[in-house]
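Worksheet: the structure to be examined is printed underneath.
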Amino acid sequence: MSTLIKRVHAREVFDSRGRPTVEVEITCTGGESGRAIAPSGASKGRFEALELRDHDPSRLGGAGVLLAVRNIETVIAPALEGLDAADQAGVDKRLKELDGTQNCSKLGANALVAVSLAAAHAAAAARRIMLVEHLHELWVQTAGAAGPGRRTVLVGREMAMPLPMVNMISGGLHAGKNLDFQDFLILPVGASSYHQALDWIVTIYHQLGECLTETGFEGVLVGDEGGFGPRLAENSRAVEVVLEAIERCRLSPGRDVAIGLDVAATHLAESTGRAQGYRLAASGGALITSAEIIDLFDTWTKKYPIVSIEDPLHESDSEWPEITKRLSQRVQLIGDDLFVTNPERFRTISAEGAANSVLIKVNQIGTLSETLATMRLALEADYWPVISARSGETEDATIADLAVATGAGQIKIGSVARSERLAKYNQLLRLEERLGSRAAWHGGKIFEALK
Ligand code: PGA
Ligand code: ZN
């Protein structure tokens, strides 16, 4: 069937926090259509593409996205009609030309990302193939020439089920700042398949709820990403109670299930007069320096089975190369606010020796093609890409297909409660079943490259 674009239609819908967001439906001339919805972050990086909001105080607290919807209907739709939805690079190039800014501030990254992803859905529908297959073809076109590095030898070469990195306890901006660090996660590194990994995670999640309830810490209240949001006395208590839950499920911490953190340190940084540092409210309120927070993670990674730390430092902290030198042989260090999925930022900052993995969020940069470009650069620089959701999500599960299609190796979606999260976990179950042996499972094997 024809993949030429006949109609681009946008509407305002709502995300998992009850905030307005952009949905786009693209119809091809043969009648098939595809749909996508823009997600939205709360702990955003300063260098992210701009999410356009109406700022009209008389409606939805100013958070409406009718300007972005109008941009799609009046500027983007007429320019895309007649283009080939299967030519993702062509569609995305046109979107960037129409916007004309570095950070998508004219038309809005929420407009661009919904159109860009809807084009992929429409093309797959018109071609009568699964989205994951269409995305895999786009990925092979983009990444074809990226040679495997020492660490990335298992990553990004073929379709693969990703190892999920799953939020158990939420803090920071996702849970009323109950704890300083934003995510306390588990990685089922010893699981022998995606569905076994998910079984373990769900079992541990419920066990953790019981552990927290027993100790009287509001075990059933959850944060924006479905992780529990207890008020614990210390950040380290969150790691310890997660370890206890793993053990109570008769799984071995470290061997079967490892720990990850998303510190989201950009949002902990404070400068008061001459002093600049990280305010750890859940550890006595001290303002500690970059060197001290690096020491803290050095100690934690020796004491606990931690294999992954995201944004351990502020997005502009000059000590990123130092923490990378200290920890990168033992731990995955992911840059989220640091790189904001931006190919230019990735190129410059990775050359300075900062981090060894890159979080991939399509709406941080605006289009699917730029996202794939950053992923390719990551592989060339021997960095792992980790596909990620935002804290504001919807039933849109495109990133599940993207993770499998690119063989990225890891995915971070949030916890195993709240259906905007489960939409992705469940899509991964479907893909595992439908693709069978066409999608590899490397599980925690990729972490062996750290040693
Ligand atoms: P955000 O958080 O979507 O609120 O930015 C997710 C993350 O920091 O990884
Ligand atoms: Zn993050």
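Note that ligands are numbered from 1 as they come in the structure, with each ligand's atoms numbered from 1 the same way.
No side-chain donor from either of D15 and T21 sits under 3.5 Å from a side-chain acceptor of the other. Between the side chains of E395 and S419, no donor-acceptor pair of N or O atoms lies under 3.5 Å.
Between D401 and R430, no side-chain nitrogen of the basic residue sits less than 4.0 Å from a carboxylate oxygen of the acidic one, so the salt-bridge criterion is not met.
T341 places a side-chain N or O within donor-acceptor distance of the main-chain N or O of K361, the cut-off being under 3.5 Å. Distance alone, capped at 3.5 Å, places no donor-acceptor pair between the S328 side chain and the K325 backbone. The main-chain N or O of T289 is found under 3.5 Å from a side-chain atom of E292 such that the two form a donor-acceptor pair.
Aromatic rings of W200 and Y205 (six-membered ring for Trp) have centroids beyond the 6.0 Å cut-off, not under it.
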Audit row: F339, F47, ring pair (Phe, Tyr, Trp, His ring centres under 6.0 Å) steps and yes/no: CA-CA 8 Å; F339 296 124; F47 305 100; over 10 Å; no
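Near ligand 1, G41, A42, S43, H174, Q182, E225, D262, E310, D336, L359, K361, R390, S391, K412 each place a heavy atom less than 4.0 angstrom from the ligand.
Note: F297 and F181 have tilted aromatic rings, judged against thresholds of 30 and 60 degrees for the angle between ring planes.
Counting only protein N, O or S atoms closer than 2.8 Å to the Zn ion (ligand 2) gives 3.
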